[in-house]
There are 2 protein chains.
Amino acid sequence: MITIGDAAERSGVSAKRIRHYESIGLIDAADRSKAGYRLYDARQVEELGFIRRARDLGFSIEQIEDLLALWRDRERSSADVKRLALKHVADLEARIVELQAMAGALKHLAATCQGDDRPDCPIIQGLAGAPAAPRTGGKAPRTR
Amino acid sequence: MITIGDAAERSGVSAKRIRHYESIGLIDAADRSKAGYRLYDARQVEELGFIRRARDLGFSIEQIEDLLALWRDRERSSADVKRLALKHVADLEARIVELQAMAGALKHLAATCQGDDRPDCPIIQGLAGAPAAPRTGGKAPRTR
DNA sequence: ATGGGGGTTGCCATCATGGGAAGGTCAAGG
DNA sequence: CCTTGACCTTCCCATGATGGCAACCCCCAT
């Protein structure tokens, strides 16, 4: 039985997080020493490691609750796990697409920006009114 | 002079957000009617639209403060704007890379998961201890 | 017994926003 | 004139997942 600091070091989950996870019911309340110190055994450290790895993969606490339930359940069907994982992959990819759209739009605006000491700037102009610099074939009226 | 609801509709920024932006000093406090209603003119609506578009591109409120200052500054150099924009593009791309790493790792795990009604599951095994399913050439010991 | 390095709880802050309560205001219509 | 409903106001609470800090307790070695 080790204390929270050691459990944190071994699992890679900060003591603060461990207490937080306990407070929200993600993990069971740890046993306490006579002095009130939380005590952890190998199984709990392993569980914390599981949680950390899931977090590293971007799973939310809520999803991790489900993953933990499946991990503990010897009768689980791998289909359930796979469904959860693929749903998360889809979520991640949706976010990636969103971010790519932002980055793309911004790069497009930045590409036509001189970047000199004059005030003319398609980026600012794009943010003000103009949806995204029309440029309908090179014949667009000079914005300046 | 229109009220906050109309300004919200025309700018695409919710009334709630407009009040919030005012409270944090992102925009100036609006004039008030005798009854205390906030009143907006076309310029302010335009400014709100600017903010909304910047938010759509993923800029933080803090960055938008800078963008607004540049927008208002006729003496600005487009280089300053461009630098801000490209910094943000870099941030976005860093986040994209992170998310791609997560999605990739998870897809890798999911790919070898049967997804049937048996409990065997490389995804769960990957989250527990094993960094990422070794599979050193097909001769890896069956985990089951 | 004392000092230092743990542990404990609890509150506040983040970031940007939504929700809702409690109450004031305005325009229209009976 | 009064009601109704749609608007506005302020203020407080909640989100997700953490970090930071304060005030206090505990244990071990010197």
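Letters A, B, ... are given to chains in the order of the sequence lines, protein chains preceding strands, and every chain is numbered from 1.
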Seminar exercise, completed: Atom CD1 of Ile18(A) and atom P of dG6(C) are separated, to the nearest Å, by 15 Å
Seminar exercise, completed: Residues of residues 43-50 of chain A with a heavy atom under 4.0 Å from any atom of DNA chain D, listed by number, are none
For this session: Apply side-chain contact (heavy atoms from CB on, under 4.5 Å) to Ala105(B) and list each qualifying residue two or more places apart in sequence or on a separate chain.
Result: Leu57(A)
Seminar exercise, completed: By nearest-heavy-atom nucleotide on DNA chain C, the more 5' of Phe59(B) and Ser33(B) is Phe59(B)
Exercise. Rounded to the Å, how far apart are Lys34(B) NZ and dT25(C) P?
Worked result: 12 Å
Seminar exercise, completed: To the nearest angstrom, the CD1-P distance between Ile2(A) and dC27(D) comes to 18 Å
Problem set entry | Arg76(B) side chain to Leu70(B) backbone, donor-acceptor under 3.5 Å | yes
Exercise. Would you say dA17(D) has OP1 or OP2 under 4.0 Å from some side-chain N or O of Tyr21(A)?
Worked result: no
Exercise. Does the side chain of Ser14(A) get closer than 4.0 angstrom to OP1 or OP2 of dG19(D) through an N or O atom?
Worked result: yes
For this session: Classify the nucleic acid contact of Ile24(B) as base, sugar-phosphate or nothing, counting any heavy atom under 4.0 Å across all strands shown.
Result: nothing
For this session: Using whole Å, report how far CD1 of Ile64(B) lies from C1' of dA16(C).
Result: 11 Å
For this session: Please say whether more than 12 non-hydrogen atoms of neighbouring residues, nucleotides or ligands are located less than 6.0 Å from CD in Glu93(A).
Result: yes
For this session: Please examine the side chains of Arg17(A) and Arg55(A), heavy atoms only from C-beta on, and report whether any two atoms are closer than 4.5 Å.
Result: no
Problem set entry | Distance, rounded to the nearest Å, where Ile51(B) contributes CD1 and dT17(C) contributes P | 10 Å
Problem set entry | Electrostatic pair Arg95(B)-Asp91(B), nearest N-O below 4.0 angstrom | no
Exercise. Is it true that Arg118(B) and Asp116(B) have a side-chain N and a carboxylate O under 4.0 angstrom from each other?
Worked result: yes
Problem set entry | Nucleotide dC13(D), atom C1' - distance to NE2 of His20(B) in whole Å | 15 Å
Exercise. Reading nucleotides 1-11 of chain D 5' to 3', which nucleotides get B (base under 4.0 Å from a protein heavy atom), which S (sugar-phosphate only), which -?
Worked result: ------BSBBB
Exercise. So, the side chain of Arg52(A) versus the backbone of Val13(A): is there a donor-acceptor pair under 3.5 Å, distance only?
Worked result: no
Exercise. For Gln63(A) and Leu84(A), which heavy atoms make the closest approach, and how far apart are they?
Worked result: O-CD2, 4.0 Å
For this session: Please state how far atom CZ in Arg52(A) lies from atom P in dT18(D), giving the value in whole angstrom units.
Result: 12 Å
Problem set entry | Main-chain N/O of Asp41(B) paired to Gln44(B) side chain as donor or acceptor, under 3.5 Å | yes
Exercise. Which whole-number value in Å describes the distance from Leu26(B) CG to dT17(C) C1'?
Worked result: 14 Å
For this session: Verify the contact: side-chain N or O of Arg17(A) to OP1 or OP2 of dA17(D), cut-off strictly under 4.0 Å; return yes or no.
Result: no
